[in-house]
Each structure stands twice: as C-alpha cells, then as structure tokens.
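Below is one structure; the comments refer to it alone.
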Amino acid sequence: MHRAKILHLIASQTPCDPVCIKGWVRTRRDSRNFSFIEINDGSCLANIQVIAAETLHNYDEIRRLTTGSAVAVTGSLVASTGKGQQWEIRATSVEILGLASENFPLQKKRHTDEYLRTIAHLRPRTNKYGAAMRLRSDMAWAIHAFFRERGFCYIHTPIITASDCEGAGELFRVTTLNPASDAADPKAEEAGNSRDFFGAEANLTVSGQLSAEMLALALGDVYTFGPTFRAENSNTRRHAAEFWMVEPEMAFCDLAGNMDLAESLIRSLVSFAMEQCRQDLDLFARFVDPTLMTRLATIAENTFVRVSYAEAVNLLSQSGHPFEFPVSYGCDLQTEHERYLTESCFRKPVIVYNYPKEIKPFYMRLNDDGQTVAAMDVLVPVIGEIIGGSQREERLEVLETRMRDQGLDHARYWWYLDSRRFGSVAHSGFGMGFERLLMLVTGISNIRDVIPFPRTPGSIEF
RNA sequence: UCCCCAGUAGCUCAGUCGGUAGAGCAAGUGGCUGUUAACCACUGGGUCCGCGGUUCGAGUCCGUGCUGGGGAGCCA
C-alpha cells in the first residue's frame, strides 16, 4: 500500500481510509484498552498520533514499543477526539519494522547540543536537528531557484585544484604518495611532486572563484554551489574545515551591481524561509532564539546600509565605544568592529566596501584613488561576515603589478591572466557561506549544528 | 595557536567548611487512565575524566594530561 507522508495527512481536509504511514516512534502512552503512539517520519516537524487497540493481534508487542523503533501503520485517518491534534490514525495494523533497544540514547527530554554532537548519527531524529536538516534542504533549493530566475548558469568548479585562491587560507593536501615509505627513500624525497598522481602538488579547493571567473567570461552570469575546504586551525562556533559556499560571478558587472545582488540574495532567502518554512522556523523561534523572527523581518524588509571602509573607520573611532583593538585607517576590521557596525550602529545588515589594497588579495580591482580596492563585505547581526566579494581586476597590467607586489608567480596563473588578454571585461562576484546563512535563518549559534556531520580541527568521527 | 570555563548514574544536573554519593528523567516491575515530554508506587543502576601530589581522610585542594565548550586571530 502507498506510503503517505505525515506532512500531507495532517494537512488533510477530510477523513481518509485506508492510509499507511511508516516512521519512528517518538513516545508511547498506554491506556486500558489501547495505546497512543506518536510517530514521526521526518516529512515535517509534527508527529501523528496512532490509536492501537488491544484487539490488534500483536498488541503485546505494541505495548513494548520503545522510543526510536520503526513501524508501519495502516488504518484510517479520523478526526481526533483529544485536544492536541486535529487528526489521528485508528490502526488496523501496526507492523514493527525495527525495534530500538532500550539503550536508545535519545530520551524524550531535552539534550544538550554538545551531547547530541557525540551522537551525530542519531540527532536528526530530534525535533531541532530534523528541522535544521529540512531547512538546509529548503534553503539549498531556494538558492538554485534564485539564480535560475535571474538566468544564471549553474557551473561546477573543481574540488581538487593545483592553484590556491591566494589568501583564502591553509590548504588540505591531496596525494597518493605514502609518507612513511617516502621518508625511508631519499630518492623519492628528491623526485617530490612529480611522482605524485597529478605530477604536481594538489589541494582541496578553498574557493571556486578563479575558475568561475573564466566561465562568467563566457556564459555571462554563473554561480557555483558546492563544498569548500580550509585547513585553518580555527576553533570558533562559525568556522568548519568543510563547508558549502555559494559563489556567483557576473560579467559586465561592477561593485555596485555586485552589492545589489548580494543584498537581494540574502533578503529573498530570508523571505523565502519566513514564508515557506514556517513550521520549522517556529521551533527555532520558540526554543533556540526568541528574537529570531523580528531579526529576520528586519533583514527582509529593509535595505542594507552601505558604507565605505573609510566611513566605517570614522564611525567606529568617533563612536566612543571602548574597543579592545583600537580602530585606525589601514587595519582590517576586527570581529568586534564588524559586530558593532551591524548590531549597535545600524541595527541591520551593513555592506562595507572599498578597503585599503594592502589588506586584500591581488584579484580585487584597484580603484581610481590607487589606494583602495573594490571589495565588499556583507555583515549581519549575530553572525558577522556572511559574504565577501569584489569587482575583479580586469586590466592585465594592473593585475600583473599587483601579483608582483604580493610575490605571486605569473607563470602559475597563465590561464587566469589569459582571460585578461582576450576580451577582458569588468566582472564581479562574491562568496556566501551556506552554513552562515543557515545560522542566520535558524538562530542556531554553532556551525557544527547546521551540518549533519561537521568537520572541525581534531574532529572527524562519523 | 592564545586566553577563559567545564568534566559526578544512560541523559540533565545538585553535592555547603575536605569526613566515604543525591534528585529528576530514562530503564525494569506493578497500578491508573482519550492520553499529550501522561500520571502514581517500587526496583536496579557510580572508574565522581585519566595520572600524580597534599592530607588521618579528596568528588571537593594543588600539579599535569585528555576531552568538550566560550572568546580571540584567520575567514565564508
């Protein structure tokens, strides 16, 4: 018989007979002649209540059903006579598919996030993590829809790369060489990378940007959305060694157009979540972050503030706020500065643009003042930096000079420089951390809790 | 990598001044009941993170290691 999803049954307008659901027991309450069983199948936050009468042939087994057990229930969907729910299923059959032993680690009470991380393989069976995973899926679809509506081409840039996107962080090495046997063989040491699989040093990607630029300069508007790796020893609640990044890249687009797209992306994704993910979002608003809904509404309904780096430094130094790190022109903004701007100064998202060239990588376009580059960071309350991007340097000579200044070898970037030799045009793009977006939308404060199986320094269980 | 905090029953936690281990939930048994993280009674359950030290005596104090968390740097 067709397996119905609980999501659809609880939205039903009429009784329905017969129906079949399959899912996992959340709790069982026994009465004299029957039992209440709450089933969740992951299709939505809500459970459905099943009435299992003592007349069922396996009622003895049903009364021993434990939390976490898998069952298939057939019966009729009828109006509930109890209070908490509109519909319930009067079972004609409760088939036990897989019993959970009594040491099932998820109890019906609240667990700490720290404990749930130690059982990451089971935590999606909880309300909070089930909701987080559904939201992750919905937001991924919303991102694709956003770009598709605007005519962007979804491109796939390599996971294994030879070049690093300079300045983006430490790299994970990819190799088929065996370090133990190589160490014992001095000749192997000498031969080095040429013996390796690719005949050169290879790493996991830290950004698809350089490749994406090449495709933007052919297809116009493109974006990547995929995994990204940073081997930084960062121990914070908003960094992971493996995360997903959304990277649009647009030909014939300057910094202003870039900021427009970034703002429009975040606002429409937040609106989408508020409209389409109501039930799951309500859970976060109730149990995770009571200020969530007002913060999301503020983001969706207001234009973002745009201030230049120079204006931002002025605002900060004149604020009178006692910062741990003093502000001065030429220094990169510290976390406390970024959060002050977005949380105290403006109380909404802020885009800071035109940073001093010394603190930004070579590919960002040099402004006419010769001192700043056309970079922009989008800062949002609580999370801080969620997007970093720039207009790219399209002038070959200027790009080569900047690479020389930063000590980069032109030869290694020959293909990148080629794009500036053959029909170079103004183009821009940015990177948005997908998990940081999820943290923004759910109010979940640790990046490890919006990733099913997070990778952080010293942690690769599961 | 640096700074700070924590580690006690399966889970969440309490444990006073250093004096020999407690609660709720979970589990087991029984009862009651259209219940809503159901309820009531009883039962079982401990390497107090590891190692070393101080002390007549350490869950408690000191040192050290490990693990987890928060903050900083780096960034998305």
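Proteins get letters first, then strands, A, B, ... in listed order; numbering begins at 1 in each.
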### Task
Scan A/T112 against the nucleic acid and name what it touches under 4.0 Å (heavy atoms): base, sugar-phosphate only, or nothing.
sugar-phosphate
### Message
Using whole Å, what does the distance between atom C1' of nucleotide B/G69 and atom NE2 of A/H239 come to?
### Response
17 Å
### Message
Between P on B/A76 and CD on A/E249, what's the gap in Å once rounded to a whole number?
### Response
14 Å
### Query
Taking the inter-plane angle between the rings of A/H321 and A/F323 on a 0 to 90° scale, is it parallel (under 30°), tilted (30 to 60°) or perpendicular (over 60°)?
tilted
### Value in whole Å for how far the P atom of B/U36 lies from CG of A/N127
18 Å
### Nucleotide nearest A/Y115 when distance is taken to its side chain, options B/C75, B/G10, B/A76
B/G10
### Message
Could you tell me if A/S31 and A/R29 have a donor-acceptor pair between their side chains, going purely by distance under 3.5 Å?
### Response
no
### Query
According to the Watson-Crick and G-U wobble definitions, with both distances under 3.5 Å, which nucleotide is paired to B/A58?
none
Would you list the protein and nucleotides 23-27 of chain B atom pairs, both N or O, that sit under 3.5 Å from each other?
none

## Note on the structure
Scanning both residues in full, the closest heavy-atom pair of A/A374 with A/L255 reads O-CD1, 3.1 Å
### Query
Do the side-chain N and O atoms of A/S35 and A/D30 include a donor-acceptor pair separated by under 3.5 angstrom?
yes
### Message
Using atom C1' in both nucleotides, what's the gap between B/A72 and B/U54 to the nearest angstrom?
### Response
36 Å
### Query
What distance, rounded to whole Å, do you find between the two C1' atoms, one in B/C56 and one in B/G69?
38 Å
### Query
Quick one: side-chain hydrogen bond (donor to acceptor under 3.5 Å, both in side chains) pairs with a partner in residues 342-354 of chain A, sequence neighbours left out?
A/R339-A/E343, A/N354-A/N367
#### Entry: Nucleotide paired to B/U1 in any strand shown, Watson-Crick or G-U, under 3.5 Å
B/A72
### Summary
Heavy-atom nearest nucleotide on RNA chain B taken for A/E385 and for A/E324; more 5' hit belongs to A/E324
### Task
List the atom of A/P105, the atom of A/Y115, and the distance in Å for their closest heavy-atom pair.
CB-OH, 3.3 Å
### Query
Pick from A/D377, A/I351, A/I266: which one makes a side-chain contact (heavy atoms from CB on, under 4.5 Å) with A/I387?
A/I266
### Summary
If pairing means Watson-Crick or G-U wobble with both distances under 3.5 Å, then the partner of B/G63 is B/C51
#### Entry: Heavy-atom closest contact (A/L9 atom, A/L77 atom, distance)
O-CD2, 3.8 Å
### Message
What's the gap between B/G63 and B/C4 when it is taken at their P atoms, as a whole Å value?
### Response
12 Å
### Message
Against A/Y223, only a single residue in A/R150, A/E247, A/H144 fulfils side chain to side chain donor-acceptor pair (under 3.5 Å); can you say which?
### Response
A/H144
### Message
Measuring only the P atom in each nucleotide, how far is B/C13 from B/G7? A whole number of Å is fine.
### Response
10 Å
### Query
Roughly, in whole Å, what's the span from CG in A/N235 to P in B/C5?
18 Å
### Task
Side-chain contact test, heavy atoms from C-beta onward, threshold under 4.5 Å: evaluate it for A/I447 versus A/M439 and give yes or no.
yes
### Task
Write down the distance separating the P atoms in B/U16 and B/U60, rounded off to the nearest Å.
11 Å
### Message
Between B/A9 and B/C48, how many Å separate the two P atoms, rounded to a whole number?
### Response
10 Å
### Message
Within the 4.5 Å heavy-atom criterion, are A/L204 and A/L171 side-chain neighbours or not?
### Response
no
### Query
Which part of the nucleic acid does A/L106 contact within heavy-atom distance under 4.0 Å: base, sugar-phosphate only, or nothing?
nothing
### Message
Please report the distance, rounded to the nearest Å, between CD1 in A/I383 and P in B/C75.
### Response
18 Å
Between the protein and nucleotides 40-46 of chain B, which nitrogen or oxygen pairs are less than 3.5 angstrom apart?
none

### Query
Is A/R110 near enough to B/C13 that one of its side-chain N or O atoms lies under 4.0 angstrom from OP1 or OP2?
no
#### Entry: A/R148 vs A/Y154 side-chain heavy atoms within contact, under 4.5 Å
no
### Query
Of A/R238, A/K128, A/R123, which is the lone residue that meets salt bridge (charged side-chain N to carboxylate O under 4.0 Å, His left out) with A/D449?
A/R123
### Message
Determine whether the aromatic ring centres of residues A/F225 and A/F434 are separated by less than 6.0 angstrom.
### Response
yes
### Message
Checking A/E263 against A/T303: is there a side-chain donor and acceptor pair closer than 3.5 Å?
### Response
no
#### Entry: Atom pair distance, as rounded to whole Å: CD in A/E338 and P in B/C75
10 Å
### RNA chain B contacts among residues 428-453 of chain A, heavy-atom distance under 4.0 Å
A/G431, A/G433, A/R436, A/N446, A/I447, A/R448
## Note on the structure
What residues 7-19 of chain A contributes to the RNA chain B interface at heavy-atom separation below 4.0 Å is none
### Task
Say whether A/D113 and A/Y129, considering side chains only, have a donor N or O and an acceptor N or O under 3.5 Å apart.
yes
### Under 4.0 angstrom between A/T27 side-chain N/O and B/A38 OP1 or OP2
yes
### Task
Would you give a per-nucleotide map of nucleotides 29-35 of chain B, 5' to 3', where B means the base has a protein non-hydrogen atom under 4.0 Å away, S means only the sugar-phosphate does, and - means neither?
----BBB
### Query
Taking side chain as C-beta onward, heavy atoms only, is A/T224 less than 4.5 Å from A/V246?
no
### Task
May I ask you to verify whether the side chain of A/H111 and the base of B/C11 hold a donor-acceptor pair under 3.5 Å?
no
#### Entry: Nearest-angstrom distance, P atom, B/G70 to B/C62
25 Å
### Query
Are A/R237 and B/G71 close enough that a side-chain N or O sits under 4.0 Å from OP1 or OP2?
yes
### Query
Got a donor-acceptor pair under 3.5 Å from the side chain of A/S234 to the base of B/C75?
no
### Task
Output yes when at least one side-chain N/O atom of A/T335 is less than 4.0 Å from OP1 or OP2 of B/G73, else no.
yes
### Summary
A/E170 CD to B/C75 P, in whole Å, measures 11 Å
### Query
Within this structure, what is the CD-to-C1' distance between A/E114 and B/A6, rounded to whole angstrom?
10 Å
### Query
Using the benzene-type ring in the case of Trp, are the ring centres of A/Y309 and A/Y329 under 6.0 Å apart?
yes
### G-U wobble or Watson-Crick pairing nucleotide for B/U29 (cut-off 3.5 Å, both distances)
B/A41
### Summary
Whichever of A/R238 and A/R28 has the more 5' nearest nucleotide on RNA chain B, that residue is A/R28
### Message
Within the 4.5 Å heavy-atom criterion, are A/I6 and A/C44 side-chain neighbours or not?
### Response
yes
### Query
Quantified in whole Å, what is the C1' atom distance between nucleotide B/A14 and nucleotide B/C25?
15 Å
